[in-house]
Amino acid sequence: MSEKKNYRKTLNLPKTAFAMKANLTQREPQIRKSWEKQKMYDTIRAQRENAPKYILHDGPPYANGDIHMGHVINKVLKDIVLKYKTMLGYDTPYIPGWDCHGLPIEVKVMAELGEKALDMDKLEIRKRCQKYASKYVKLQSKQFSDLGVFADYKNPYLTMKPSYERGILEVFAELVEQGIVYKQLKPIHWSIGCETALADAELEYKDISSPSIYVNYPVDADTKAKMCELGLCNQDEENVYFMIWTTTPWTLVANLAVAAHPSIEYTSLRYDIGGKKCVSIVAAQRAEAIAKARGLEEGQYSISDVRVRGEELEKLRYKHPFVEKNPTENDAYFVINALYVTVEDGTGLVHIAPGHGSDDYMAGQSYGLSIYSPVVDNGDYDETVPEFLKGQNVLKVDPVVIEKLEDLGLLFARKDILHSYPHCWRSKMPVIFRATEQWFISVDKKVANRGKSLRELALDSTSDVKWIPAWGEKRLRGMLESRPDWCISRQRVWGLPIPAFYNSNGDTLLTAESVRATAKYIGEKGSNGWFSDSPKEILGEDFKLPEGFSWDDLHKEENIFDVWFESGCSWHSVAKAAGWDVPVDLYLEGSDQHRGWFQLSMLPALGATGKPPFKSVLTHGFTVDAKGMKQSKSLGNYVNAQEEIQKYGSDILRLWVSSVNYQEDMRCNDEIIGRLQDAYRKIRNTLRYLFSNIDDFDPTTQAVATKDMVEIDRWALSQYKKLIEHVLAAYEDFAFHKVFSLIYNFVTVDMSNIYMDVLKDRLYCDAKESQLRRSAQTTMHIILDGLIRLISPILVHTAEEAWGNLKFKSQDVETVHLALMPKADSVDIDSSNDAKWDIILEIRDEALRSLEALREAKEIASNQEAMIVVSSNNQEIMEALEMIGEEQFASLCIISEAKFEKSDTDTVIKASKSPHSKCERCWNYLPSVGSISESPDLCQRCADVVNCS
RNA sequence: GGGCUCGUAGCUCAGCCGGCUAGAGCGUUCGCCUGAUAAGCGAGAGGUCGGAGGUUCGAGUCCUCCCGGGCCCA
């Protein structure tokens, strides 16, 4: 046997500098460094200087801690949107923001200071807070930038910057002018641990055990007479009570009324306590359950047949169980009617303490009750309470109250119940309701120059906004319909002061003019000045004080703004200030911001401008663990974003973000993210293959016109054209997981499984300069150039690397992120042959199956050892096959030969081992092998190639 | 407890207005190739569409209830 010749070097084997191994953790930082060097954000902005703007206004994350998966999702989604819009030709400024004021930072700083804090004044503490916030702004900037997110990191917006603060006050001045800002005593959530009012967002609900007690309130003589008339008791019965139920015994001292539902039926429950015969009025539906609560057996109690509606009880009076004298200025201790009373639990008679409950407050308001709250900041009772309670702390006093009631013989029953109760997010202590003086923005008062309340304006305008997903509108409306007035004051130091002044009479100076004067001052000096300078310095000497105020008798408000009000003004402080059109195009945040930033930006904007601040609002969900459960550090199912980024690289994290449907919960753990490496490798290898086979190709001189192409190249272009259409549509819909799956499927199926595999013979074995090979290269070049651009908003680093490797680019731009997206109609191909190709690919599938059978039978190893005969009576099939011909069909199946035969039976595909010899160069088994005398081991094509070169 | 929302193969997703034996890719199993090689190709297995009722000739798709998540609130 003659020795086999090595024809390897006569082939056009792939060659490229685009490495197979991504090495993302090393390569990405280099790419980012070069972006930084070229000031890529500024460069892109400059290139789009005169282009129409697309404004995505950043919501400010809190300047505290490392970034987590929530940040990754949020920032990557934003970056995908902006990179995509940039590639449509828009100018896309992106000013990143941070929420810098507020309790978490203050608490952290105070903890770090420890005892030292006691000797420091507010200003010193504030400076520490500022330093703390700045540190995390810097850290998070770096971490966002490391994700490949382009932004104006050098000029971020910080809610603690004087210019930003001025903006807040400008909006506030507007709201003051519209008459919707007011100050009032009102029960609010109060943190005893932090001695401050808390926002709804600062509450955490936890299950705790509380005493649940049934208490008898004795009726007075007049009431008893009335109740005898109603048939609820008899004259000779001495112990007649209204029975209430509560889980907060400490609030009983502040009780001012008992509420009954006007249409619920009440009756009398009779029983003995230690031989004392008692009659308690309760809701009829609850009577039996109440008796059981004391453990009374059948026969130990009786329920009257008499039924009296709650409205009949209105104004009936009782005696407070242990408060001798009404401590308030207004009448108290009588039955009122309230619609929120239920018979789900309790007695159907509700203890009302207007200073310590939201419902209580509202019910009390309509009956002229005082707002009595005998509790000081640290949770101790004040001097107005009975002796046995004075100085006690409300969180510890429940047993004392219960014991007292027991002594008085007024405690009917007690047990402990487990219920969900609000806690302070910082101190973790239970929160109480307590009435204090607070500043509010009214949602129900008419905004002066608009004739409608903020609530009405907001509800009217939700339909002007595009909500993505659409249910966001319903959700927000629900919240708007039920939200109370916005309590905007906090008793803390790290924040923007509420710019009010008082004289010694307690009169308040807060006008649009005074706020604007303060805004001007703070815009120059920053809010620290509020704590150091005098009212005169702040308002300015020229400021005309209203009547009743004088410079000598003026002191400053100590409360600061709720941070939500600060961030809620960013549309003014940032967007307006930057000269952008407001409403801006897009707000994009987690769905928790329906209640937070979206709503709380809408309200100030509507009050000040009459319009919502955004045209569209896109929300995403949250990460959950592999089982769909909430992630938390304590449960051990927490995914550390920094670790993942360091392990896999940013492009993998970005690819993961793009792969999931962010509108729902996103399951996430290391394994799920790690799996994206496979997808990444497939995409990368596809790019590499394309690169490696066009290395010798110059499209400017060697391109083949579409009409002269091989049919399968036209098929590839047609698939590519559809890809562009679908991908761009998906980007336009913000459906990035569709972008991902479209591209991934195109890469794996159309490219890798079919096209690139089929092409090998042509690319490797045909003559280097042959039109057949150039046809393939023309196609590959077009697809490569476009594919890089289509994927670039997601794989920002890899696309940039690939773009840099592209010798002949469709566009002369310094970064792929400045290139324009490919356009489907620029691909010169029509889809007229698509239907035929569907048939051809079906036949191919069947052919491959029959080849698999041949391989299983050990008749062949490689498909090239085989040939196939397709016989059919189906004209459609035969026409499709004829379109590409036998030779191309063979190459499509990567077999040596194919034959088509018309028959009178159904389609039959017969695979068999080729009778011919193997060409040692292209490894096909062809009749021509052996027939060429000078190259007996080659086929005709290979002999021609080898001998001509 | 309330509002909004989700629940289709191991994973990530399709499945429009109800209509063939519920699809794709990945992963997995088995096999092939060794001229994309820490690559590539092929074939196979995998789902009582969260559960139970109901409407319908027909339901993953519509309705009711239940179970289990998530966000927000109480």
Side-chain angles (χ1 to χ4, degrees), chain A residues 6-16 20-21 200-201 203 205 342 344-345 358-359 419-422 469 471-479 481-483 590-596 599 619-631 655-656 658-661 663-667 669 671-672 674-679 681-682 684-693 735 737-738 740-749 752-754 756-761 763-765 845 847-856 858 860-865 893-894 921-923:
Chain A
N6 182 6
Y7 288 102
R8 200 171 194 280
K9 6 183 227 305
T10 71
L11 299 172
N12 313 302
L13 289 179
K15 179 189 149 198
T16 177
M20 174 181 283
K21 200 160 184 301
D200 293 347
L203 302 177
Y205 284 79
T342 70
E344 276 170 21
D345 44 26
S358 183
D359 287 336
H419 63 152
S420 174
Y421 191 84
W471 51 258
E473 180 175 7
K474 222 193 294 176
R475 185 170 153 100
L476 188 79
R477 290 185 70 87
M479 292 168 174
E481 275 157 11
S482 64
R483 72 149 300 136
S591 61
D592 53 341
Q593 301 304 334
H594 281 123
R595 173 159 290 268
Q599 187 198 171
T619 52
H620 59 255
F622 296 83
T623 55
V624 292
D625 73 7
K627 291 187 187 115
M629 308 293 266
K630 190 185 174 73
Q631 294 189 319
L655 196 58
W656 172 74
S658 81
S659 74
V660 296
N661 180 358
Q663 297 191 348
E664 296 165 14
D665 301 333
M666 291 162 273
R667 286 166 191 246
N669 60 22
E671 198 189 328
I672 292 173
R675 260 184 218 132
L676 269 297
Q677 284 184 121
D678 293 334
R681 274 193 220 106
K682 191 72 186 184
R684 188 179 178 90
N685 259 324
T686 299
L687 296 179
R688 179 179 140 88
Y689 182 89
L690 295 172
F691 271 121
S692 66
N693 283 295
H737 68 290
K738 285 188 183 151
F740 168 81
S741 83
L742 283 164
I743 289 178
Y744 193 29
N745 272 293
F746 176 77
V747 160
T748 46
V749 180
S752 191
N753 294 359
I754 301 174
M756 298 192 316
D757 205 29
V758 165
L759 238 41
K760 285 181 194 169
D761 180 79
L763 289 165
Y764 300 173
C765 303
D845 276 345
L848 292 178
R849 262 189 296 274
S850 57
L851 288 163
E852 187 64 20
L854 220 55
R855 187 165 25 250
E856 232 165 85
K858 301 281 177 208
I860 60 164
S862 150
N863 282 2
Q864 280 173 295
E865 289 174 51
C893 301
I894 319 188
R921 184 166 175 276
C922 69
W923 299 344

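For clarity, every value in this text was computed on a predicted model and none was experimentally measured. First the proteins, then the strands, lettered A, B, ... as listed; each starts at 1.
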With rounding to the closest Å, how many angstrom separate the [atom1] atoms on [N] and [M]?
N      : M      : atom1 : value
C66(B) : G3(B)  : P     : 12 Å
C6(B)  : U64(B) : P     : 14 Å
U8(B)  : G44(B) : P     : 26 Å
C41(B) : G27(B) : P     : 10 Å
A36(B) : U28(B) : C1'   : 24 Å
C63(B) : C16(B) : P     : 14 Å
G69(B) : A38(B) : C1'   : 40 Å
A14(B) : U55(B) : C1'   : 27 Å

Should the side chain of Arg475(A) and the base of C72(B) be counted as holding a donor-acceptor pair, with the cut-off at 3.5 Å?
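Counting by modelled atom types and ignoring angles, no donor-acceptor contact under 3.5 Å is found here.
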With hydrogens left out and only the distance checked, is there a donor-acceptor pair under 3.5 Å joining Asn745(A)'s side chain and the base of G25(B)?
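Per atom types, no contact qualifies.
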Is the backbone of Ala626(A) close enough, under 3.5 Å, to the side chain of Arg667(A) for a donor and an acceptor to pair up by distance?
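Yes; at least one donor-acceptor contact below 3.5 Å.
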Donor-acceptor check, side chain of Gln864(A) to backbone of Cys922(A), threshold 3.5 angstrom: yes or no?
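Judged by distance alone, yes, a pair lies under 3.5 Å.
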Does [N] have its OP1 or OP2 closer than 4.0 Å to a side-chain nitrogen or oxygen of [X]?
X         : N      : answer
Lys682(A) : G40(B) : yes
Asn753(A) : G42(B) : yes
Lys760(A) : C41(B) : no
Arg688(A) : U37(B) : yes
Lys9(A)   : G35(B) : no
His737(A) : A14(B) : yes
Ser591(A) : G70(B) : no

[N] - base-pair partner by Watson-Crick or wobble geometry, distances under 3.5 Å:
N      : result
C33(B) : none
A45(B) : none
A22(B) : none
G68(B) : C6(B)
G58(B) : none

[options]: which one has an atom nearest the side-chain heavy atoms of [X]?
X         : options                : value
Ser659(A) : U12(B), G35(B), G40(B) : U12(B)
Ala861(A) : G40(B), C33(B), C41(B) : C33(B)
Trp923(A) : G35(B), C71(B), A39(B) : G35(B)
Val749(A) : A36(B), C4(B), G25(B)  : G25(B)
Val660(A) : U12(B), G35(B), G70(B) : U12(B)
Glu852(A) : A36(B), U5(B), A43(B)  : A43(B)
Arg849(A) : A43(B), C6(B), G70(B)  : A43(B)
Arg855(A) : C32(B), C6(B), G40(B)  : C32(B)
Thr748(A) : G70(B), G25(B), G35(B) : G25(B)
Asp757(A) : C41(B), U12(B), C32(B) : C41(B)

Round to the nearest Å and state the distance from [X] atom [atom1] to [N] atom [atom2].
X         : N      : atom1 : atom2 : value
Phe746(A) : C13(B) : CZ    : C1'   : 19 Å
Asn693(A) : U37(B) : CG    : C1'   : 14 Å
Arg675(A) : C13(B) : CZ    : P     : 12 Å
Phe622(A) : U5(B)  : CZ    : C1'   : 12 Å
Asp625(A) : U12(B) : CG    : C1'   : 16 Å
Leu676(A) : C13(B) : CG    : C1'   : 12 Å
Arg483(A) : C73(B) : CZ    : P     : 11 Å

Looking at every strand, decide which applies to [X] at a 4.0 Å heavy-atom threshold: base, sugar-phosphate, or nothing.
X         : result
Asp678(A) : sugar-phosphate
Ser692(A) : nothing
Met479(A) : sugar-phosphate
Asn661(A) : sugar-phosphate
Arg921(A) : base
Thr16(A)  : nothing
Lys858(A) : sugar-phosphate

Side-chain touch His737(A)/Ser658(A), heavy atoms, less than 4.5 angstrom
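The answer is no, as the side chains (C-beta and beyond) never meet within the 4.5 Å cut-off.
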Side chains of Gln599(A) and Leu476(A): does their closest heavy-atom pair fall under 4.5 Å?
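Yes - at least one pair of side-chain heavy atoms lies under 4.5 Å apart.
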Minimum heavy-atom separation for Met666(A) and Asn661(A), please, with both atom names.
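Of all heavy-atom pairs spanning Met666(A) and Asn661(A), the closest is CG-O, 4.1 Å.
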Looking at every non-hydrogen atom in both residues, tell me the closest pair between Ile860(A) and Leu851(A) and how far apart they are.
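Taking every non-hydrogen atom into account, CD1-O, 3.9 Å.
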To the nearest 0.5 Å, what is the distance between CG (Leu690(A)) and CG (Asn693(A))?
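Leu690(A) atom CG to Asn693(A) atom CG measures 8.0 Å (nearest 0.5 Å).
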With rounding to the nearest 0.5 Å, note down the distance linking NZ in Lys627(A) to CG in Asn669(A).
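The distance works out to 10.5 Å.
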Hey, which sits more toward the 5' end of RNA chain B by its nearest nucleotide, Val624(A) or Lys738(A)?
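Whichever sits nearer the 5' end wins; that is Lys738(A).
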Using the closest heavy atom to pick a nucleotide of RNA chain B for each, name whichever of Ile894(A) or Ile860(A) lands nearer the 5' end.
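Looking at the nearest nucleotide for each, Ile860(A) comes out on the 5' side.
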Before you tell me yes or no, could you show the steps for Glu852(A) and Arg855(A) under salt bridge (charged side-chain N to carboxylate O under 4.0 Å, His left out), namely the whole-Å CA-CA distance, both residues' side-chain angles and the distance that decides it to 0.1 Å?
CA-CA 5 Å; Glu852(A) 187 64 20; Arg855(A) 187 165 25 250; 2.8 Å; yes
Base orientation of G42(B), syn vs anti, 90° cut from 0:
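That one's anti.
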Looking just at side-chain N and O atoms, do Arg688(A) and Thr16(A) make a donor-acceptor pair shorter than 3.5 Å?
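Arg688(A) vs Thr16(A): no donor-acceptor pair found between side chains.
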Face-to-face contact Tyr744(A) to A24(B) six-ring, under 5.5 Å, under 30°
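Here the ring of Tyr744(A) and the base of A24(B) are not stacked, as the 5.5 Å and 30° limits are not both satisfied.
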